[in-house]
Every structure is written in C-alpha cells, then in structure tokens.
Q: 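Submitted below is the structure of interest, expressed as structure tokens.
Quick caveat, the model's predicted, so the values are computed rather than measured. Chain letters run A, B, ... following the sequence lines, proteins first, then strands; residues in each count from 1.
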Protein chains: 2
Amino acid sequence: MRFSNYFLKTSKTTSSDDKSVSAKLLKQGGFIFESVAGRYYFLPIGHRVQQKIIAFIKKEMDAVNYQEMITPVLHPLELWKETNRTNTTGFELMKIKDRRGIEFALGGTAEEMFVDLVRQFKSSYRDLPFRLYQFSPKFRDELRARSGLLRVREFIMKDGYSFHKDEKDFKIEYEKMKKVYFKIFNRLGLKTEIVESDNGYIGGEYCHEFIVESEIGESKYFITKNGNYASHEDVAVFEKEIKNKNEEQKPLTEVQAKRGVTMEDGVNFHNLPLWQQIKDVLFIDNENRFILAIIRGDLDVNETKLLHLIKAVNLRHATDEEIRKKIKSEPGFISPVNIKNELNEQTKLIIVADDSLRTIANAYGGSNKKNIDLINVNIDRDYNPDIEGDIALAKVGYDAKNGMGKLIEKRGIEVGNIFQLGYHYSNLMKGATFVDSDGKEKPFYMGCYGIGIGRTMATIVEKFHDVKGIIWPESVAPFAIYLIGLEIKDDKLRIKKEAEKIYNSLQKNGIEVLYDDREDIRPGEKFADADLIGIPLRVVVSKKTLEQNCVEIKKRDEEKVRLVKLENLLQFLELNLKI
Amino acid sequence: MRFSNYFLKTSKTTSSDDKSVSAKLLKQGGFIFESVAGRYYFLPIGHRVQQKIIAFIKKEMDAVNYQEMITPVLHPLELWKETNRTNTTGFELMKIKDRRGIEFALGGTAEEMFVDLVRQFKSSYRDLPFRLYQFSPKFRDELRARSGLLRVREFIMKDGYSFHKDEKDFKIEYEKMKKVYFKIFNRLGLKTEIVESDNGYIGGEYCHEFIVESEIGESKYFITKNGNYASHEDVAVFEKEIKNKNEEQKPLTEVQAKRGVTMEDGVNFHNLPLWQQIKDVLFIDNENRFILAIIRGDLDVNETKLLHLIKAVNLRHATDEEIRKKIKSEPGFISPVNIKNELNEQTKLIIVADDSLRTIANAYGGSNKKNIDLINVNIDRDYNPDIEGDIALAKVGYDAKNGMGKLIEKRGIEVGNIFQLGYHYSNLMKGATFVDSDGKEKPFYMGCYGIGIGRTMATIVEKFHDVKGIIWPESVAPFAIYLIGLEIKDDKLRIKKEAEKIYNSLQKNGIEVLYDDREDIRPGEKFADADLIGIPLRVVVSKKTLEQNCVEIKKRDEEKVRLVKLENLLQFLELNLKI
C-alpha cells in the first residue's frame with residue numbers, strides 16, 4: 001500500500017478524554033476515529049488489525065470444531081422476554097420497534113438467538129456436542145464510554161455457544177476452551193490470567209474472565225502468590241477466622257449510648273473490638289423490598305454477592321427518611337433484633353446475614369432506637385436471619401481459603417470470558433431439548449465463550465508501546481514492513497527509483513508493506529509516523545544508504561539499525577519475518 | 001467437514017410463503033433460517049457461501065484501490081438530519097434512542113457516515129481521488145419482506161464511496177466501476193444488464209442498476225433490441241410522436257357532455273382520438289400540496305418522474321370529496337383551464353404538464369363542472385402549467401429515443417447499483433471540502449456503489465438450480481467436493497476405512513470437502529442431500545466401486561458418472577477443480 005494513496009491520517013494532537021494510552025495512540029495513528037462517544041470507525045489500517053485478530057481467533061475456533069455462522073443483528077424481544085433478560089439487563093439493553101410495532105433488542109450477547117435457532121431442529125444425542133459461533137456487532141448502552149476501545153457502546157464480539165448432553169461432557173469442553181483461550185491470547189502476545197468472575201446478566205453457575213494485568217483495566221481481582229487462586233473482586237471468597245464464637249453467651253442488655261453513627265463511634269463508646277460489632281446496611285432492591293445486610297463489623301458487604309443471594313437485579317441504599325418512616329429504626333442504630341416487630345404489612349424486609357456472624361458471640365450494636373445500643377447480641381437467640389451466606393467483600397491481605405495464602409490485589413483488562421450456562425437457557429426457553437439415547441427429551445447443557453475484538457486490540461497496544469508509539473506484535477501488525485523513501489521528490493537522485501523497485505518486489509513476494517511515498521513530508525515526520533504506527537520492521541532508502549548500495553533496517557522494538565545490501569534485502573526479510 | 005459434526009439440517013418441507021425457488025432451496029438445503037420475517041440466520045454452510053461472495057468482491061474492490069474499513073452500525077441521526085434523509089427515507093428508516101436520549105438511525109446506506117468521517121480530516125487535491133468501502137449490516141424497514149433473501153429487512157451490503165476533485169475525474173471512476181461490477185458478477189456466474197434507474201432516497205443526478213434477468217425479480221425495465229438503451233421502468237424515456245400539433249387553433253368552447261367519468265367515455269362521447277383528450281390526475285403530496293398532473297390521453301403518469309419534478313417524497317390520489325370541496329372541481333371532469341380561479345388561499349395547487357401536451361392541438365376534456373366539457377383546449381393560450389417536463393410512463397412497444405428501436409419489457413433482480421452523487425452530500429454537509437491546487441476550499445464530487453450480498457447469493461440460486469436442488473458455481477460453492485460413504489456402518493466392509501482415507505487426503509491437500517459420514521442415513525437420502533446442497537463434484541465410495549478399486553464421480557450439473565481409480569483420485573480432482 002502506498003501511503004500517498006492510503007486513507008491514513010496520523011495526528012499529533014491528543015484529547016483530554018483519552019485517559020488510556022491505547023485510545024491516544026490508536027487515534028493518533030489513524031487506526032480508529034470516534035463517531036460519537038463509545039462508537040468507533042475502524043479506519044483502513046485499524047480494520048486490517050481487527051481483521052487479523054479475527055482471523056487468528058477464527059483459526060483456533062475452527063480447529064476445535066466451532067462452526068461460524070451469523071445471526072440477525074436485531075433480536076426479537078420476545079426471546080429476551082422468555083429468559084427474563086429484558087429486565088435483568090436493565091438500562092444496558094437497547095430496544096427498537098419496527099413499523100409494524102414488533103420489538104427487537106440490539107443484543108449485548110446472543111444466547112437467546114442461538115437457543116431459538118437450535119430448538120427449531122430436532123437434535124439427537126448423536127448430534128451432540130455441537131458448537132456454533134459468530135463475529136458480530138454487539139451493543140451495550142453504557143452510561144459512560146471511556147478509554148477508547150476499552151469501554152465502548154458498540155463492538156465486534158466473537159461469541160461461541162456449545163450444546164452438550166450433560167454436565168460431564170460440558171466440563172471437558174470448558175477445560176478445553178480454557179486452553180484454547182490461553183493459546184489465542186498468547187499468540188496475540190497477551191499474557192492472561194484466568195479469574196473466577198461474576199456472570200452478570202448472562203446466567204449460569206460459574207464463569208471465568210481472561211484478564212491482562214494493566215493499571216488502566218476496570219477489573220479488580222485477587223490472586224494468591226502461588227497462583228492457585230484467582231478471583232474477581234465481585235466473587236472472591238476468603239477465610240473468615242473464628243473470633244470469640246465459643247465464648248459463653250451473656251444476657252442481651254439495652255444500654256444508653258449517646259454516640260455518633262459510625263462504626264468507629266461504636267468501638268470508641270463501648271471500648272470493644274470492631275469485629276464484635278454488628279454492621280447493618282439497609283438496601284432497597286428493584287422489587288422495593290428492604291434488604292438488611294448484616295455482617296461482622298470488620299468486614300464490608302459485597303453487593304454483587306448480596307444480589308445473587310437475594311436473586312435481585314439491583315440495589316440502592318435506603319435513605320435516612322426511609323429508615324425512620326418505613327422501618328421505624330434509626331440511622332446508625334439499626335439492629336436485626338426485633339426490627340420486624342413494628343413494620344406495617346406493606347413493608348417487606350429481608351434480613352441477610354453474612355456467615356462471619358457465626359464466628360463471634362456477644363456482639364454489640366444498635367437497638368433501632370436513637371442513642372440506645374444492645375450488647376451481648378447472639379445469632380439464633382436474639383435474631384434470626386431470613387437468609388444466611390457469604391456476602392463479604394474480599395480485600396488485599398485476607399487469607400484465601402484452604403491455606404492458599406494471602407490475597408494479592410491486581411487490576412486488569414477483561415479480554416475474554418467463558419461461562420457455564422448449564423440448563424439456564426434451555427430450561428427457560430421451551431423446546432430447547434434433544435432426544436437422548438433412552439428416547440427421552442432432555443434440555444441441552446450449555447456453555448458460552450466471548451472475546452471482545454476491539455478491546456483485545458486496545459489491550460495489545462496497552463502492553464506494546466513506547467513513548468513514540470505502538471509496537472505491534474508481528475502476528476497482528478497491519479503491515480510487516482514500513483518502507484520509507486527519503487527525499488524521493490528529488491529527481492536527480494535515484495532514491496525514488498530504488499524505493500519503487502523494492503516496493504514492487506515486496507508486493508510481488510506477498511510481503512505486506514506500507515510504502516511511505518509521500519513527497520512533501522520531511523524525513524523527521526516519516527520517522528515519527530513509522531514509530532507511531534508501529535509496524536515491526538522499518539526499511540529506509542536514502543541518498544546515504546544508496547551510496548553503499550544498501551537500505552537501512554530497524555526493528556520497531558530495537559534501537560539498533562543495520563545496513564543490508566539491496567541485493568540481499570529479500571533474503572534478509574525472509575529470514576527475519578515469519579512469512 | 002464431517003456431515004455428522006456439522007450444524008447442517010436439510011429438510012423436505014417447503015413453506016407456502018416461499019414464493020421464490022431460492023428461498024425454498026436455501027432453506028431446505030440448510031443455508032439460511034428465518035428468525036422473523038425478513039431477518040435471516042446464515043447457518044454454517046450458508047455463511048461459507050456468503051463469505052466466499054464477500055471475498056470475491058473484496059478482491060476486486062481492493063484491486064481498484066478501494067480501502068476496506070468499517071463504520072459504527074448506529075448512525076447519529078443528527079447526520080441524517082443534515083441531509084434531510086430522516087424525512088425522505090420515510091418509513092424505511094429505523095430509529096433508536098440511547099439511554100441518554102441521543103437518536104440514531106439504523107442505516108440503509110452510509111453516505112452520511114462516510115462524509116462525516118472524511119470532513120474531519122484536512123484533504124488536499126493531492127489526496128484525491130480516494131475510495132473507501134465496507135461490508136456491513138444494513139437495515140430497511142420494509143412493509144413486506146418476501147422471496148427469502150431477495151427482499152429482506154436486514155442484510156450485509158458492500159457499500160463503496162469515492163471522493164473526487166471534479167466531475168471529470170468522477171466520470172472516469174464511474175465508467176471503471178461499471179467494468180468492475182460486470183467483472184464481479186461475471187465471476188459469480190451472473191449475467192447482468194446495466195440499466196438506468198431511479199436514485200430513490202440516495203440523491204444525485206443519475207445512477208444505474210445491475211440487473212439479472214429473472215421472472216421473480218421486482219425490477220421492471222425496458223431495453224431496446226440492440227441493447228443500446230436499457231432503463232428501469234421508473235425512469236425510462238421514449239419518443240412522443242407529434243400528433244396534430246400544427247393544426248390551426250380553434251376557439252375554446254364549452255359543450256354539454258352528459259357522459260361517464262372514464263377516458264373512454266370521453267372518447268365515445270366526442271368521437272375524437274384518445275390522444276387528443278387531456279388526462280388529468282390529481283394527487284396530494286407529503287406537504288399537502290395538490291398536484292394536478294396532466295398528460296396526453298393515450299399516455300399514463302409515472303409517479304416517480306412526477307415526484308422528482310416536484311421535489312416531493314410521496315404522493316397519494318386525491319379523493320372525490322377533496323376534488324369537490326378543496327379544488328371545487330368534479331371527478332371525471334377535471335381541467336387545467338381556470339382550475340385555480342375558485343381556490344381559497346390555503347389550498348396550494350401545482351399544475352404539472354407532461355411535454356406530450358406539446359404534440360397536440362385543440363384538445364378536449366372536462367371543465368371542472370359536471371357534465372360540461374371543453375373542446376379546442378390549447379396549452380399557453382387556455383392554461384399555463386406551473387411545471388412542464390417528462391412525467392410519462394414508458395410501456396412495451398413504445399419507441400426509444402433517437403431511433404434506437406422499440407422498447408422491450410423485462411423483469412429482473414437488482415444485485416448492485418452505482419450512483420453519481422455529485423455535490424449532493426458535500427453541499428448539504430458543511431465542511432465536506434478539500435483544498436484545491438488554487439488554495440480554495442471546494443466540495444467533494446462523489447459517487448457510491450452498492451452490492452447486496454444475500455440478494456446476490458439468492459440470485460445465483462435462482463439462476464443455477466434444477467428440480468433436485470442448487471447447482472453452485474465453483475467460485476462460490478461452500479465446498480468443492482461432496483464425499484459420500486455408502487453403508488459405512490457395516491464394519492465388515494472396508495468402505496468406511498477407504499472413505500476416511502480419501503477424506504483425510506483431501507483435507508491434507510487443502511481441498512474443501514463435505515464428507516457425508518452419517519451412519520444411519522439411507523443412500524437415497526444422501527444422494528438427495530447431495531443434489532439439494534449442490535456442491536459441484538460428488539464422490540461416492542461404495543461396495544460396488546471398491547470392487548473395482550474405484551470411486552464414482554459425478555458433476556452436479558451433468559448426468560454422466562465415471563469411475564476413477566482410487567490411486568488416481570487426487571490427480572483427477574486437481575485437473576477438474578480450479579485449485
């Protein structure tokens with residue numbers, strides 16, 4: 001490709017919105033252009049990179065028997081109603097009506113579309129497992145788009161779906177897909193960590209994110225030193241040490257407590273450890289239920305875990321007024337003890353206790369009345385949670401379970417994820433069944449597997465760049481060679497002639513080359529563009545190099561330059577490029 | 001690919017909705033599946049065909065310097081407002097709002113997106129011409145979807161856009177693109193005719209459709225025998241022969257005319273030729289203007305031409321009540337003579353005369369009063385049209401212009417189109433300019449070029465099939481070979497072993513093969529599926545063939561079968577396949 005013919009516009013300006021290096025460099029390098037916030041054009045050179053990433057992924061997916069196809073972009077909303085995802089996905093789902101009034105979703109994923117397809121055909125156990133996937137535009141109506149391609153409202157996703165006869169067969173697939181994903185990201189130059197994560201609105205029982213460690217990433221996760229445990233903040237578990245659990249229970253007592261409303265005020269007033277205090281957090285969920293989350297005072301509530309436990313979609317904190325008027329309690333003095341006694345019939349309150357409350361005895365805390373506390377509060381005797389489980393937020397330094405060591409905190413970019421879906425969709429969507437060997441109809445056992453293409457591209461830039469620009473790994477570089485002719489406007493020199501000869505010979509030999517043939521651009525600018533665009537190998541033809549019948553060759557990621565004789569150039573490149 | 005592993009479900013049933021052969025065969029052959037009316041899944045084998053068509057087109061577009069990129073799927077509606085296409089495209093444009101209230105169009109084409117991109121960068125005359133294109137989903141909110149992939153609501157389109165410094169440069173491109181399109185369709189096996197057509201909501205001054213002749217097609221067009229003229233019904237012009245134009249004008253006279261309201265009633269009552277009568281058709285346009293279209297009695301009004309002449313978006317016929325109350329005229333007796341005299345101020349009436357009225361003198365027709373006609377009506381003397389031009393509908397047998405012969409009527413499928421856009425978009429969209437060699441900013445001169453991928457695929461099936469199924473041209477066939485193993489379940493026979501050997505050897509040699517390894521399927525069904533799916537070459541391994549150490553080979557489009565020795569198979573295929 002000749003630069004002079006190419007729709008490639010580099011720029012030196014940077015926008016203050018570009019909080020990430022990848023946003024800045026991909027825009028400056030002419031790879032992408034923002035249409036409106038979070039919606040990007042992939043310009044010709046950016047499209048090349050995206051297509052290479054897609055081709056890589058396709059090859060690996062095909063190799064493990066995934067079959068590429070494509071679904072319509074508009075998903076009948078009827079299907080999303082079958083799985084109740086019109087509600088659970090909340091504001092992130094975009095909907096549209098056609099002129100006949102039929103509603104569609106602009107899908108963020110396509111489970112319903114694939115299940116709806118598959119259930120139209122009679123499948124037998126002999127057909128199983130089968131595996132389908134697509135590369136297609138996905139939509140997320142994010143409140144905030146940011147960091148260029150790292151968080152967008154529209155992007156190409158590789159989404160794959162596998163259908164199995166049972167859990168056992170699926171588990172083999174899940175382990176296989178872990179390996180396939182590691183291989184894909186490895187070949188793209190990305191070192192990933194596999195991390196247990198929350199399934200969000202996808203459903204199913206467990207899932208994993210593939211995360212590339214990076215400060216700019218939005219995924220906060222914990223790992224242990226030996227790497228045996230890795231889990232997203234949303235779902236990380238830890239060992240809750242036994243405190244005074246076995247202490248003899250003392251009588252529940254009301255005491256005057258003219259104190260402030262914070263946990264610390266309680267500690268100071270009673271002169272007791274923080275862990276012995278009961279922390280009470282009152283939420284209201286999407287069904288207007290009050291949720292009283294209680295937990296050991298030294299721990300915090302993890303709202304994601306809480307949501308799962310109560311099977312709700314979202315939560316907000318109750319206001320002081322709601323605490324007083326609806327719950328007849330007092331901010332800073334909430335207590336699970338007798339809190340339900342004064343509720344009117346319309347008010348639904350669910351008490352959810354973290355299992356850490358089983359590690360203590362004779363706890364202290366509020367009494368639902370201002371300036372009065374309770375001491376020697378004991379679970380089962382003084383209050384009974386409606387739901388008990390793990391709703392605690394993991395933090396750095398906590399002990400991982402099973403003696404795996406302390407939790408270390410990391411941040412990273414989620415480039416891919418894999419989900420066990422189990423029977424989630426096949427139970428909700430009628431007819432998603434196959435005929436088993438015993439002649440009975442059984443629901444499919446499913447999994448799904450996603451990779452965000454644009455985000456992967458941005459992550460590669462986050463990992464491979466320097467102050468001058470991008471350093472593309474060879475596997476996804478838009479071109480293998482950036483050929484520069486210096487002073488090619490000067491007809492008296494034979495530079496242009498030689499550069500053209502090299503360009504034609506590379507083209508003929510199937511070597512992808514971007515030829516900077518611009519006549520009115522100074523050498524410094526050409527070198528700067530070469531560094532910014534980040535093509536792995538730079539070949540320069542100049543008056544100086546031709547005096548020695550050479551070209552100058554430099555790798556983008558090395559400082560060293562070397563001269564190669566014109567007649568040896570092709571041979572040199574063949575040795576130095578994976579072609 | 002092994003059939004037993006492949007998500008490929010053929011079927012014998014056909015839906016009564018499938019009015020076209022392509023819809024029926026593509027569905028039965030497992031290539032596509034309809035999600036909801038007009039929105040299709042491309043199943044794995046259909047996706048392969050679509051990708052091959054895309055690859056073909058890509059190669060030809062790249063070869064003439066078009067650069068592939070991709071725009072967002074959602075187009076900011078602001079841009080469509082700049083070009084007024086939110087109105088002109090009417091009901092076919094789907095719109096959607098995001099959670100922040102920003103409106104987007106689901107585009108049917110992407111002129112605005114490309115112009116908006118291009119105007120963000122400073123372009124100089126040295127950068128021109130440049131050419132961009134994409135393959136991307138397009139949306140048309142059609143009232144009726146029909147005939148499978150021939151008229152859908154969602155499809156992949158190749159849309160290309162070229163930017164030029166002036167008309168002269170563009171015209172070279174336009175002629176070049178005609179050749180490129182012929183080449184593309186030729187290589188896909190399609191014989192196309194290039195036909196002048198209406199630009200619909202795209203804009204610009206002229207455009208051409210590439211049409212494949214077919215009874216199922218929705219495009220009606222006229223050609224002359226020598227092929228020098230070809231034009232879509234919407235825009236076809238013809239020679240309007242001079243009638244009694246030069247006859248001496250006689251005095252305008254009112255006569256009693258107790259007659260019916262049809263043109264024929266007028267002819268019979270006055271005993272004068274149909275062509276001497278004035279035909280009056282009263283429309284109301286999208287701006288509530290009354291449009292009186294008048295034309296020589298033997299001709300009909302072409303509403304597309306009329307729309308262009310009055311620069312309106314749509315038309316409907318006025319009702320009898322509107323004719324009487326608003327226009328104070330009388331159905332069946334409308335006349336351009338004095339029709340404006342009795343209008344009230346709010347009623348806007350535009351008289352549009354076809355130039356055929358210049359070929360006659362002393363015409364006759366209504367008087368705007370019931371049962372009274374006017375005779376000896378003459379243009380300019382008795383009435384003055386507001387607009388004059390060509391609004392006549394061409395018909396089979398009419399004379400083409402310039403003595404090119406009679407018009408012959410044809411029907412066909414529009415598979416591609418090319419448009420001169422000129423300054424249409426660059427004038428409407430501020431800043432769509434380049435700096436010319438004289439230092440002045442000038443608007444781009446543009447063209448655009450579309451191909452519907454799914455429709456092209458369906459058209460190939462319309463042209464290449466027989467009663468048994470599809471006959472794919474080699475260039476786009478999903479696989480080169482359909483390998484059948486008969487009775488492979490029988491372990492005593494060596495059929496399975498040999499079939500597997502052939503399959504592996506073909507795979508190893510990069511020959512695309514679909515291997516029908518299904519064990520519980522009868523030979524007859526395998527042969528029927530082979531014919532239905534339409535892969536060019538069928539290779540059968542059976543007990544009978546192995547007795548002669550052979551396989552049986554048959555081309556899909558020939559009846560002849562031949563035996564080829566096992567050891568000669570690869571050599572035979574290499575000679576008979578373009579690999």
Q: With chain B, which of A/Lys122, A/Arg100, A/Glu519 has the greatest number of heavy-atom pairs at distances under 4.5 Å?
A: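 Max contact count across the listed options: A/Arg100.
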Q: Ignoring hydrogens and geometry, is there a side-chain-to-backbone donor-acceptor pair from A/Gln67 to B/Asn5 under 3.5 Å?
A: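 At least one qualifying donor-acceptor pair exists.
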Q: Could you tell me whether B/Arg126 and A/Asp520 make a salt bridge, using a distance below 4.0 angstrom between a side-chain N and a carboxylate O?
A: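 Between A/Asp520 and B/Arg126 there is a salt bridge, with a charged N closer than 4.0 Å to a carboxylate O.
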Q: Return yes if some donor-acceptor pair links the side-chain N/O of B/Asp141 with the main-chain N/O of A/Asp98 below 3.5 Å, else return no.
A: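 Side chain of B/Asp141 to backbone of A/Asp98: no pair is present.
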Q: Answer yes or no on whether B/Arg39 is positioned over the face of A/Phe104, meaning its NZ or CZ is under 6.0 Å from the six-membered ring centre and within 45° of the axis.
A: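 Pair B/Arg39/A/Phe104 counts as cation-pi.
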Q: What part of A/Gln134 gets within 4.5 angstrom of chain B, counting heavy atoms only: side chain, backbone, both, or neither?
A: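 No part of A/Gln134 comes within 4.5 Å of chain B.
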Q: I want to check something: taking the side chain as every heavy atom from C-beta on, are A/Tyr41 and B/Asp116 in contact at a cut-off of under 4.5 Å?
A: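 Heavy-atom side-chain distance check passes, below 4.5 Å.
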Q: Heavy-atom pairs under 4.5 Å with chain B: which of A/Pro44, A/Pro129, A/Ser123, A/Gly46 has the most?
A: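 Most heavy-atom pairs within the cutoff with chain B belong to A/Pro44.
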Q: I'd like to know which of A/Leu143, A/Ile102, A/Leu128, A/Val118 tops the heavy-atom pair count under 4.5 Å against chain B.
A: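 Of the options given, most contacts go to A/Leu143.
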Q: Considering only heavy atoms, which portion of A/Leu132 lies under 4.5 Å from any heavy atom of chain B: side chain, backbone, both, or neither?
A: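 The side chain, not the backbone.
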Q: To the closest 0.5 Å, what do you measure between CD (B/Glu34) and CD (A/Gln120)?
A: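 Reported to 0.5 Å precision, the distance equals 11.0 Å.
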Q: Which atoms of A/Phe130 are under 4.5 Å from chain B, going by heavy atoms: the side chain, the backbone, both sets, or neither?
A: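 Side chain only.
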Q: Can you list the residues that meet the ring-ring contact (aromatic ring centres under 6.0 Å, His included) rule with A/Tyr503, with sequence neighbours excluded?
A: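 Only A/Tyr515 meet the ring-ring contact (aromatic ring centres under 6.0 Å, His included) criterion with A/Tyr503.
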Q: Tell me whether A/Glu68 contacts the main-chain N or O of B/His47 through its side chain, where contact means a donor paired with an acceptor under 3.5 Å.
A: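 No, because the side chain of A/Glu68 does not come within donor-acceptor range (under 3.5 Å) of the backbone of B/His47.
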Q: So, for B/Phe121 and A/Phe33, is the gap between ring centers shorter than 6.0 Å?
A: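 Aromatic pair counts; centres sit under 6.0 Å.
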Q: Are B/Leu117 and A/Phe7 side-chain neighbours, meaning at least one heavy-atom pair lies under 4.5 Å?
A: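 Yes. Closest side-chain heavy atoms under 4.5 Å.
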Q: Specify which of A/Ile96, A/Leu106, A/Leu43 makes the most heavy-atom pairs with chain B at under 4.5 Å.
A: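 Greatest number of close heavy-atom pairs with chain B: A/Ile96.
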Q: With only heavy atoms counted, which part of A/Met113 is less than 4.5 Å from chain B, the side chain, the backbone, both or neither?
A: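 The answer is both parts of A/Met113.
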Q: Closer than 4.0 angstrom, basic N to acidic O: yes or no for A/Asp127 and B/Lys9?
A: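 A salt bridge links A/Asp127 with B/Lys9.
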Q: Using a heavy-atom distance cut-off of less than 4.5 Å, which residues of residues 71-79 of chain A contact chain B?
A: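 At a heavy-atom separation under 4.5 Å, chain B is reached by A/Thr71, A/Pro72, A/Val73, A/Leu74, A/Pro76.
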Q: In chain order, what residues pass the side-chain hydrogen bond (donor to acceptor under 3.5 Å, both in side chains) check against A/Ser162, with sequence neighbours excluded?
A: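 Expected list: A/His164, A/Tyr449.
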Q: Spell out the residues in residues 151-158 of chain A that have some non-hydrogen atom less than 4.5 Å away from a non-hydrogen atom of chain B, in order of number; otherwise answer 'none'.
A: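 At a heavy-atom separation under 4.5 Å, chain B is reached by A/Arg153, A/Glu154.
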Q: CZ of A/Arg99 to CG of B/Leu93: how many Å apart, nearest 0.5 Å?
A: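 Result: 11.0 Å between the selected atoms.
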